[in-house]
Amino acid sequence: MRSRAAGKLSRFLALLLALLMLMMTGCSDQRIIEKIGFIRTIGLQAAAEDEGEEEEEENTGKIKVTISIPKTKEQDVIVYSTVSKTIRQAIKVFDLQNDRKIVNGQLRQIVFDTALSRKGIWKYLDTLMRDGSVGNRVHVVIAEGDLNHMLSRNFEQSGPAGEYIDNLLRTERRMGDVPDSNLYTFLRDYKDDGIEPSASILKETGNSLIVNGIALFQEDRYVGKIDAEEKIYFGMLLGNIRAGDMFLDYPDKDFVSEDSTLMRFNSSRKLKVLSVGGGAQPPKEKISLKLTGTLLEYNGGLDLESTAERHQLEDEIEKFVQLKCEAVLATMKELKSDAIGVGQHVRNAMPYAAWKRLDWPEEFARSQIEVHVDVHIKSFGKLQ
Amino acid sequence: MTEKLNVFHIALLIYMIELDITIFSLSRVVAENIGTNGWVGVILLSAAALVNIWMYRAVYVVGKGRSVHEIAETVVPRALLIPCYMALSLFWIAVGALVGKNFITLYQMLSFRSTSEIMIFLFYCVLIYCLLVKDLYSIVKATTVFFLITFALNILAPYFSRDWSLTRFTTSFFQGTEKGHSLAGWTEVFIVNIGYELCMFLFPYVDRKSKLFKGVVAGHLLNTSVQLLVVFIAFGFFSFQQLQVMEYPVLNTLEYFEFPFINRIDNLIYCVFLFPNLVSSVMFCYAALATMRRVFPKAKPKLLERGIAVVLFGAGCVSIALNPFGNLLNNAYYLETILAFLIPALLIPAAYRMRRKERSAGHEESGSG
């Protein structure tokens, strides 16, 4: 009898202990959504440029951090800005101003201005990547123009800038002509010795934002860009495009056609290393692109009812795309930024030790890269 | 011994003991210590573990299925064995505690940032105690359920195909290690296999029909295939140099999931990994329990289990307090690796000796009869 009573008591005590522990855990880690400020966007600028001249010396090496926090149930944001040494230091200052606890869990993008990104952005990304609450799909974006103004605006389309940038980049990425530039891809390509990272460039217009090109990097330093009109060709050189649209504005003299639009095309890239070079010999590579799509717009001298002239049009598109791709490659070579990963293939074609001795950015700059384009128009729409 | 384990349960148990927190950092450890195309090294090390399993099979066969304690006790005087038993038991409890501590440190970083680690660890110890007071058969049944929950996560693997590229594997083998190749480095990768050696405590629970070693090998190979899957995904999804700087590559891959209805499911999925860690901890504590029963054969029921739970909690608290970020678990696993090879190396001759003793005793009996 006694032992049964003792057993009951110990069971009761165990239950009490378990309940107590459960409740105590709940107390210490409360997260009440109304009491939390979720940072949507972090904007970073070089401080010295932004602040007055007297402060320039004091601000050397410092950054201007701007954050935007969406308000609950409103299409409105709170924007804070301060000059500090690091992102964390700035957030401590914002915490003193805000009545809610500021957290990183809903961060969607980190935006750098061009001046700061030319100095290198790795150390700021490092801060974010260490934080367990920050996901690796946070977009890394370069902004042209006044970053503060951009982040504090409310746009007609999607409301606050943070929301708008997120939607805009996701849509563009689905087309495949801008690289997916987020913390994961940036770290991946920054650390890889055969490719350089790339990121989308955004710019303000009268009533919207526009993807104004692709930022090219040498390690973590922004060194130049591919213009917006050419980003589709960059996309083809980088990898596969799914359902992309391409407007071809043929230069007059060498083409019969004036302009055309290839819609919903798919592209695939094959990269072959012909020679790894060495000494005076530059490396030689061949990029073969295959495009298949629908032609929905055409102005020019070709008769699209004739099979022969349809093939002629395919040849013209091939020639045009080749020229454009070569121009994009020339820009990248000039900037010594191999953002399409030619180096990964060269690395795989040579012994490890020889690759380690190679100064790839320099070798890339003198690489001879042939571009072969194969275009197949599978349909010409509903009209003959 | 009413119910005997069958081959299916043994396989799942071994798989679950081997799977623990070390799988989270496996890809990094492989990139650091084995280098490019490190998956080949994972296969080689799994084969080394198979050799070790074969040694345990030899102990089982030569010892005619006697428990490892019985084999040891027929050869070595009890007075000498008791300190060894005590030391081993304490060590295994410490291993169990460190597995839990490492899991919880990460769990706290992800989900419960302001809750005390010791509090979460206390919960963990309560769970272990609840399993430990049951017999081995019940632990194995619970393990089967835990297995189904965790193994289902492998269906998420195709999600990474879009960003996965074979080009990142590179064409070189075993290059780019941080400090060259060393025994210590390869052992750091080998420890992900640790756990199969606990099959030596299953001897009393099996008979010929159980096909113990078929189960152990199947469980081990299943674990190796999961390791390979993890390493394959990581080497194609991340760049090689990136892998070397990421503490827990598996966490980074989990972070990448994004579905139209939910994203950042890494916190949810990480919770599921409680189970494999729990099974590892429980089985190390079980090893300690089985050994302590030889030291205190007349102990009251549940007394030893309670003692182990208390020591477990104490060891966890000490490791949290002394060395919150250090990797004591790795050091403990190094020692466990040495033990995993040393114990059968000592037991095989002991089993032969036991056999000879029994044979001569048998002869004497039949002679006198």
Side-chain angles (χ1 to χ4, degrees), chain A residues 7 10 14 17-18 20-22 24-31 103 105-108 126 129-138 170 176 180 182-195 197 239-240 242 271 341-356, chain B residues 31 35-37 106-116 118-123 125-127 129-130 160 162-163 165-176 236-248 251-258 263-267 270 302 306:
Chain A
S10 69
L17 182 71
L20 200 69
M21 285 197 298
L22 266 175
M24 278 157 72
T25 318
C27 289
S28 65
D29 250 311
Q30 283 184 342
R31 306 227 178 103
V103 296
Q106 290 292 324
L107 184 66
R108 289 287 189 271
D126 182 288
M129 282 179 200
R130 281 178 197 281
D131 187 344
S133 67
V134 176
N136 51 18
R137 281 194 187 255
V138 172
R170 276 167 196 272
D180 195 2
N182 51 37
L183 288 180
Y184 153 68
T185 61
F186 201 95
L187 174 64
R188 184 190 69 197
D189 296 342
Y190 168 65
K191 287 285 174 188
D192 198 325
D193 49 8
I195 190 170
N240 302 341
R242 290 278 162 266
L271 204 156
V342 180
Q344 292 177 322
H345 292 264
V346 173
R347 175 182 68 199
N348 290 355
M350 62 200 300
Y352 182 82
W355 165 256
K356 280 286 161 193
Chain B
T36 51
N37 280 303
L106 202 54
Y107 192 35
Q108 194 219 16
M109 187 188 90
L110 289 174
S111 300
F112 293 102
R113 255 162 263 171
S114 40
T115 306
S116 139
I118 291 177
M119 169 91 87
I120 308 175
F121 189 69
L122 184 61
F123 265 120
C125 293
V126 170
L127 285 175
Y129 175 73
C130 292
F160 300 102
R162 193 191 143 115
D163 289 291
S165 162
L166 197 61
T167 318
R168 295 196 192 101
F169 273 64
T170 78
T171 45
S172 54
F173 282 80
F174 300 172
Q175 302 288 340
F237 185 71
F238 300 114
S239 58
F240 178 71
Q241 290 84 352
Q242 180 188 13
L243 266 179
Q244 293 184 327
V245 297
M246 286 189 308
E247 187 74 21
Y248 301 106
L251 272 189
N252 289 60
T253 48
L254 294 180
E255 260 179 33
Y256 201 65
F257 282 108
E258 193 178 65
N263 59 14
R264 296 303 306 280
I265 54 169
D266 44 321
N267 281 5
Y270 187 73
K302 291 191 186 171
R306 275 176 204 165

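Order of the sequence lines fixes the chain letters, A, B, ..., with proteins taken first and strands second; residue numbering starts at 1 for each chain.
- For Val138(A), no part lies near chain B; criterion is any non-hydrogen pair under 4.5 Å.
- With a threshold of 4.5 angstrom between heavy atoms, Phe240(B) does not approach chain A through any atom at all.
- Between the side chain of Gln242(B) and the main chain of Lys191(A), no donor-acceptor pair closer than 3.5 Å is present.
- Between Arg168(B) atom CZ and Arg347(A) atom CZ the span is 9.5 Å, to the nearest 0.5 Å.
- Remark: the Asp193(A) side chain and the Gln241(B) side chain contain an N/O donor-acceptor pair separated by less than 3.5 Å.
- Centroid-to-centroid, the aromatic rings of Phe237(B) and Tyr184(A) come within less than 6.0 Å.
- Closest approach of Ala349(A) to Thr171(B), counting heavy atoms only: N-OG1, 4.5 Å.
- Interface residue Ser172(B): only side-chain heavy atoms are found under 4.5 Å from chain A.
- Expressed to the nearest 0.5 Å, how far CG of Asp180(A) lies from CG of Asp163(B) amounts to 6.5 Å.
- Proximity to chain A is absent for every atom of Asn267(B), based on heavy atoms less than 4.5 angstrom apart.
- The minimum heavy-atom distance linking Asn348(A) with Thr170(B) is given by the pair OD1-CA, 3.1 Å.
- The nearest pair of heavy atoms linking Asn136(A) to Glu255(B) is N-OE1, 3.1 Å.
- Looking at Arg188(A), both its backbone and its side chain come within 4.5 Å of chain B, counting heavy atoms on both sides.
- For chain A, the nearby parts of Glu258(B) are the backbone and the side chain; heavy atoms of each come within less than 4.5 Å.
- Counting only distance, with no hydrogens or angles, the side chain of Arg137(A) and the backbone of Tyr256(B) share a donor-acceptor pair below 3.5 Å.
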